[in-house]
Amino acid sequence: MSSIAERLENIRERIAAAARHAGRAAGEVELVAVSKTFPAEAVREAAEAGQTLFGENRVQELLAKQPVLPPRLRWHLIGPLQSNKVRKVLPAADMLEAVHSLEIARDIQRVSEELGLRPRVLLEINVAAESSKHGFSPDQARARLEELYGLDRLQIEGLMCIPPYDPGPEKSRRHFAALRALRGELEKAGGAPLPHLSMGMSHDFEAAVEEGATLVRVGSAIFGSRPPARMPL
Ligand SMILES: *Cc1c(COP(=O)(O)O)cnc(C)c1O
């Protein structure tokens, strides 16, 4: 079996090839290595192979791993955030990728004021209107944009989505394209840039890069398969 370093190298090459294919620079896309369910040792191995950005979907797991790993590593929270975890995660996460409701955005605003922070966030968009998934529907995002921009502590840097799982990456492509189109629309409506699109996972990150992803969240293709019980999707 290949090592984490070899798999990372392979993913990097595939990101670069997909970017070239779409006429983009490979440097426009950053890999978020999703280390959820894997031990700190696996993160260390990836860090030694040059990976610095990691994604966790649970606050507790992020907070457990971060202190035992080199401080130069950056962490994105990629899973939904609950109110009672905001205070703990804000100082630890470099970005909250899955702000999924106005309520949680207000909580983040309030705690950020108290702590004197200006967190970088993405809005999670429920692109296929799945009842099982978190996120703003595109209509809610349009309707709530002004209110969200009124939360001045939040640095809203873009959008994130998790399309319905389908092993064929081409099925995800139209959702990625829809997220990019919504980004363009919200930029116009809000008069502010939304530079980041976080989209694409192990099975569909190449299509995401071709459709404009700036962050791809890849877990199992780097670290191996996860036990089914812990699969969040
Ligand atoms: C687990 C997870 C990923 C990575 O999934 P893989 O299929 O292992 O690449 C990406 N994004 C989110 C939000 C996740 O929870």
Side-chain angles (χ1 to χ4, degrees), residues 1-4 6-15 18 29-40 42-43 45-46 49 51 53-65 74-82 85 89 93-101 104 120-128 130 132-136 157-173 175-176 179 196-233:
M1 209 172 101
S2 53
S3 67
I4 286 176
E6 284 164 340
R7 279 176 274 171
L8 266 173
E9 174 71 18
N10 171 265
I11 301 291
R12 292 186 185 294
E13 281 168 11
R14 287 166 59 194
I15 290 172
V29 187
E30 192 170 12
L31 172 61
V32 183
V34 177
S35 48
K36 67 183 183 203
T37 78
F38 291 96
V43 175
E45 205 177 318
Q51 181 66 26
L53 177 57
F54 293 87
E56 289 284 342
N57 70 331
R58 294 169 71 243
V59 171
Q60 262 123 334
E61 200 172 335
L62 191 162
L63 295 176
K65 282 177 200 169
R74 290 170 297 133
W75 298 85
H76 284 190
L77 184 71
I78 61 170
L81 180 54
Q82 294 159 310
K85 307 262 170 66
V89 81
D94 184 64
M95 183 185 270
L96 306 176
E97 289 203 18
V99 172
H100 64 273
S101 70
I104 195 71
R120 303 169 62 209
V121 308
L122 304 182
L123 305 178
E124 179 173 359
I125 307 295
N126 190 350
V127 279
E130 291 173 275
S132 62
K133 289 225 176 104
H134 291 280
F136 294 89
E157 297 194 1
L159 309 179
M160 175 270 207
C161 75
I162 311 169
Y165 178 77
D166 191 294
E170 291 309 312
K171 289 268 172 60
S172 302
R173 186 182 293 273
H175 297 297
F176 297 150
L179 194 71
H196 282 295
L197 289 177
S198 175
M199 54 192 197
M201 305 173 28
S202 289
H203 65 288
D204 59 9
F205 69 88
E206 286 153 309
V209 169
E210 288 171 5
E211 297 301 330
T214 61
L215 294 163
V216 291
R217 310 177 308 268
V218 178
S220 48
I222 298 170
F223 294 107
S225 57
R226 289 180 297 271
R230 299 289 297 277
M231 288 279 278
L233 298 178

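The basis for the numbers below is simple: all heavy atoms, side chains too, and nothing from hydrogens, waters or symmetry mates. Order of listing sets the numbers, starting from 1, for every ligand and every atom in it.
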Determine whether Ser35 and Glu56 satisfy the following criterion, side-chain hydrogen bond (donor to acceptor under 3.5 Å, both in side chains), listing intermediate values before the conclusion.
CA-CA 6 Å; Ser35 48; Glu56 289 284 342; 2.7 Å; yes
Considering both backbone and side-chain atoms of Gly219, is one of its nitrogen or oxygen atoms within less than 3.5 Å of a nitrogen or oxygen in ligand 1?
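Yes: some nitrogen or oxygen of Gly219 is under 3.5 Å from one in ligand 1.
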Is there any N or O on His203 that sits under 3.5 Å from an N or O of ligand 1?
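By distance alone, the answer is no.
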Can you name the atoms of ligand 1, numbered from 1 with element, that are less than 4.0 Å from a heavy atom of [X]?
X	value
Ile162	13 (C)
Lys36	1 (C), 2 (C), 3 (C), 14 (C), 15 (O)
Arg217	4 (C), 9 (O), 10 (C), 11 (N), 12 (C), 13 (C)
Val218	9 (O)

Value rounded to 0.5 Å, distance of CD1 in Ile222 from CG in Leu8
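These two atoms lie 4.5 Å from each other.
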Distance check, rounded to the nearest 0.5 Å: Ile125 atom CD1 versus His100 atom NE2?
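Atom-to-atom, Ile125:CD1 and His100:NE2 are 12.5 Å apart.
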Tell me, please: is Arg226 in heavy-atom contact with ligand 1, that is, under 4.0 Å?
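Checking ligand 1 against Arg226, which is what was asked, there is a heavy-atom contact under 4.0 Å.
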Min side-chain heavy-atom separation Arg14-Asn10 under 4.5 Å:
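Side-chain contact under 4.5 Å: yes.
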Would you say Lys171 has more than 12 foreign heavy atoms packed within less than 6.0 Å of its NZ?
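Open: at most 12 neighbouring heavy atoms sit under 6.0 Å from NZ of Lys171.
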Using a heavy-atom cut-off of under 4.0 Å, does the side chain or the backbone of Glu97 touch ligand 1, or both, or neither?
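Within the 4.0 Å criterion, Glu97 makes no contact with ligand 1.
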Test Arg173 against Glu210 for salt bridge (charged side-chain N to carboxylate O under 4.0 Å, His left out), laying out the working first.
CA-CA 9 Å; Arg173 186 182 293 273; Glu210 288 171 5; 2.8 Å; yes
